[in-house]
Amino acid sequence: MSELLIPITVFVLAAFVGFEVITKVPPTLHTPLMSGSNAISGISIIGALFAAGHVAGGLATVLGFLAVAFATINVVGGFLVTDRMLGMFKKPARDAKK
Amino acid sequence: MSELLIPITVFVLAAFVGFEVITKVPPTLHTPLMSGSNAISGISIIGALFAAGHVAGGLATVLGFLAVAFATINVVGGFLVTDRMLGMFKKPARDAKK
Amino acid sequence: MTVTLAGFLYLIAAVLFIVGLKRLSSPATARQGNQIAAVGMLIAIVVTLADREVVGYGTIAAGMIVGGGVGLFLAQRVEMTAMPQLVAAFNGFGGGASALVALAELIRFGEAAETRTLVSIGLSILIGAVTLSGSMVAFAKLQGLVSGKPLVMPGQTMIDILLTTVSVAAVVVLAMNGSTAVAWGLMAVALTLGVTRTMPIGGADMPVVISFLNSLSGVAASAAGFVIESNALIISGALVGASGLILTNIMVKAMNRTFANVIFSAFGGGEGDFDSGAGGYATRGSADDIAITLAYAQRVIIVPGYGLAVAQAQHTIRELARQLEERGVAVKYAIHPVAGRMPGHMNVLLAEADVPYDQLFELEEINPEFASADVALVVGANDVVNPLARDPSSPIAGMPILDVDRAQTVVVVKRSLSPGFAGIDNPLFYNDNTVMLFADAKEGLAEVVSALKDV
Amino acid sequence: MTVTLAGFLYLIAAVLFIVGLKRLSSPATARQGNQIAAVGMLIAIVVTLADREVVGYGTIAAGMIVGGGVGLFLAQRVEMTAMPQLVAAFNGFGGGASALVALAELIRFGEAAETRTLVSIGLSILIGAVTLSGSMVAFAKLQGLVSGKPLVMPGQTMIDILLTTVSVAAVVVLAMNGSTAVAWGLMAVALTLGVTRTMPIGGADMPVVISFLNSLSGVAASAAGFVIESNALIISGALVGASGLILTNIMVKAMNRTFANVIFSAFGGGEGDFDSGAGGYATRGSADDIAITLAYAQRVIIVPGYGLAVAQAQHTIRELARQLEERGVAVKYAIHPVAGRMPGHMNVLLAEADVPYDQLFELEEINPEFASADVALVVGANDVVNPLARDPSSPIAGMPILDVDRAQTVVVVKRSLSPGFAGIDNPLFYNDNTVMLFADAKEGLAEVVSALKDV
Ligand SMILES: NC(=O)c1ccc[n+]([C@@H]2O[C@H](COP(=O)([O-])OP(=O)(O)OC[C@H]3O[C@@H](n4cnc5c(N)ncnc54)[C@H](OP(=O)(O)O)[C@@H]3O)[C@@H](O)[C@H]2O)c1
Ligand SMILES: NC(=O)c1ccc[n+]([C@@H]2O[C@H](COP(=O)([O-])OP(=O)(O)OC[C@H]3O[C@@H](n4cnc5c(N)ncnc54)[C@H](OP(=O)(O)O)[C@@H]3O)[C@@H](O)[C@H]2O)c1
């Protein structure tokens, strides 16, 4: 197997999974989907941690700090606000009892 | 990335794709699904071709021949009978005109 | 052809399999989907043949001609009613091929093979051989070559445990010494295991067995893919594995049983030690009576079952439906998920008889409509319309059924009052609003059709 | 921690993302799904921190505390109506992080970096910076900090072409010489491009822009994954890419436009050179009249739109619905796919106001019901109920709409007769069966609620 073929295979399969899974999300949940998948795209925080974790000093450290801060806003804020939204979706049964 | 992790990743993703895609097949088509996916499992014909393509002579050749023959039955028969079945599923519109 | 190009083409083949399966989500695109998957397979085969490691084409050509001929012949000649057997046979050949490939590889490499190759060879032989012999038994049972009744041997459990232990041990030994003799021994034991483990399973449970074996052969293909580092194998294997598991699960659920129960409980064959409480007199009707009842109905729901498949009465029922429609009767078909002998079997049979698929309704859709139907016409079905399923103490308790007994009149066409696959009596036949037509489905329906012409 | 274990844990993180997204398929499991995805992220972060290549934790801790604090604050304080802005801001921060990481890597490795690493660094800076500045403009427009009207500069097309060419050239040069100066230049140009390309897009089209940028940042993450050989990045990136594309596509389709049209046509802002033929007199109703109409109706369908969100009238409409239900009126909500300012926006707002989600109906489900509804109550919606969409010559021709005009009486609550986002008149307002209540949605509805108490 060639070196490039592996990531391509993984990407193609993950894209299929993505399309199948996302098309099943009902319109009702499209706003949380948008903020939730945005939080997942914060996976680039991995790169930020690497960048900030190498004590290079000077400018690189400043950039690393900013990268971590930005990425953390995206991840923490994204997951929390999605959770807050989804917490508001009431189960029909519970409401019917009122 | 470790050597074993790659095939595991591919397998896990493909299994997700499989579950998502297959659960969308309606009960109406479960018989063709069974014969069609059986035909796909005939992909092991790749191995049979390798085995038969190495002129080792003697027993190995006999086994290779049998392997190719068996695998071909599975693949050719499987796809053809699925095609035959699916060809019978009539579009509602065409029938309605009768 | 460089390794990269070949690898890329294999990936395309795998993607085509996925796209093909995706198209199976609607009858309108399903045929094209199957063809796309077939193209994927063709690509995989051509790439393999073009590989520079393959040197002799004689054996390959011979094998492909023989195999292709047999496959073509079987695919074209098979009756739609015999589909379960055919799938069983094809599945068996696939399993056989895997086992043979593994054996041939072992002979070629001999003891020089790496341990992890040997493990895969052992597993391929085991799974492949069990699939081969198990599928062949399934074929024989479904084709009626051996009795469909569960054949439990004395000491069945001991035999199972013994053979399983020996097989696993053989795989381990093979992985350590790569001996060809051990491999042959493993082959023999695994073939025996496939037979002894399948014989005690009832004929009507065979589709579950086939589906499970199919899933298993998918997993085996993936395992082989791990060893030869072929993503095409890993992906296709995972797809097939998932498909088989899902179908197995659907069948098991629709019968309200567990997988272990299907494989180990020797279900079916009609001992009938449960007292259904059914009894009284069944009302018998003539073809003429039934023709009149149908002709003056407004809504008729047809419930086909296994007996319709056996009697090959799909064309006759279609003819009856057409005559009723000409008289202005609204006709619908109610398809139970496990009616017949494999999932979706009734749909294929009715499609063969040119029934458009939008007249076929699934259980959840049609059940509320029985209450407003004038006639429910049950043809060769039994368990799937057995109201005992609503009784928590019955053996089929909880199995979802079609609520035919809620229709104004129920007409049942079957040869006798004898039970269906589950082996229990059906109180439906003794209801006041049920009329029985005791006949072979095809002949009985033909009589009704001709009687209808005189109404 | 060995490489294998870390790799395995990253894979688990990716699987948790998939499982989390799968749970989003139903409101009942969605919250749990989001939490599962968050656990996946936590695992990925912990694994990265435990990696032996990471040596200094000071900067990391500082960054995480600051970022976490800001994220927490924003997530807890934001109004549900401001969700589009918030998502835009978060998306921008994500893009900024990517660009900064790439820049930091470049500084660390300098010219020693391989070409393919440099290509990825260039692309990350480009996509990241465009995402950052584009999202910030989107934020400003949605928040009302700058005008929502499309701001087309003179020579817009030339500027676009110029900046794009320069950016691409900079990526190429960077890949060849790895110069830090070029990277800073690229950053500056890309930031400018994000601003100039987003300013000419109308405020209501911002969700499309955000969704597209989100998709793009997913693709960028995948690209980074290719370089550092991280399956976690490749998989999550592909998931996000797919999600963004699907959402973009849904919005574009529901507006009956193309993606290119959204990005390049400076749509919105109300020029209105199409003659709608609308005219005549709009019937004005008082809150009392409307309260009476509603009180004596049997079936009421509420159609919320963007104006309801702006006025934050979700709680008031919920109160009105509750009062009507107490009087025995059957109340349903009709949710157009692009009502409001982002897909699913109305659902979140109504969820916030405790409306159970089984009272919300999608376009296809509810449209047949308008004909049998007594009152359609349109609150702050305009384009999504504009019958001109059925006229093939109108600018919104073919856009699917809610058929409110088929209801017996239509009550519209908005402040004036002025058009909605699409900038065209709405003949619905002049129909004989339409009654207008000119008021802010919240105040107008509050009046109706209090009038209702006296009926
Ligand atoms: N479809 C699947 O995937 C699947 C898989 C595994 C198991 N099963 C099992 O198979 C059963 C299917 O239920 P079902 O209602 O379709 O069938 P069934 O309960 O097996 O009953 C079939 C009936 O058809 C009658 N019959 C047989 N030959 C006939 C002929 N030539 N003409 C007219 N009638 C004939 C038989 O009665 P007479 O002898 O009186 O004619 C029998 O009672 C279920 O128990 C299910 O659990 C199905
Ligand atoms: N949801 C999405 O994903 C999305 C994405 C991109 C674009 N869009 C576009 O956005 C539009 C959405 O349609 P829509 O019908 O919801 O909204 P709309 O057509 O934009 O109309 C909103 C109406 O609300 C009224 N309004 C504003 N503030 C108000 C207040 N405080 N109280 C009462 N009424 C108020 C306005 O009329 P007055 O000024 O007279 O009050 C306006 O006509 C569509 O054109 C769609 O294509 C949506």
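The structure presented is a predicted model; accordingly, all values stated were derived computationally and were not measured. So that the names make sense, note that chain A is the first sequence line, chain B the second, and so on, each numbered from 1.
Within residues 36-50 of chain B, no residue approaches chain D closer than 4.5 Å by heavy atoms. For a heavy-atom cut-off of 4.5 Å, chain D lies close to B/Val12, B/Leu13, B/Phe16, B/Glu20 in residues 12-28 of chain B.
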Please walk me through it: do D/Leu247 and D/Val208 pass side chain to side chain contact (heavy atoms under 4.5 Å, CB included)? CA-CA 8 Å; D/Leu247 286 175; D/Val208 181; over 6 Å; no
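Under a 3.5 Å cut-off, the side chain of D/Asn367 and the backbone N or O of D/Asp403 do form a donor-acceptor pair.
Of all heavy-atom pairs spanning D/Val119 and D/Ala175, the tightest one is CG2-CB, 3.8 Å. The shortest non-hydrogen separation linking D/Ile234 to D/Ser222 is O-OG, 2.9 Å. Looking at every heavy atom in both residues, D/Phe370 comes nearest to D/Ala334 through CZ-CB, 4.0 Å. Taking every heavy atom of both residues into account, D/Ala221 and D/Gly237 meet most closely at CB-CA, 4.1 Å. Among all heavy-atom pairs drawn from D/Ala232 and D/Tyr10, the shortest one is CB-CB, 3.8 Å.
B/Thr82 and B/Ser35 form a side-chain donor-acceptor contact under 3.5 Å, judged by distance and modelled atom types alone.
Atoms OG1 and CZ, on D/Thr248 and D/Phe259 in that order, are 6.5 Å from each other to the nearest 0.5 Å.
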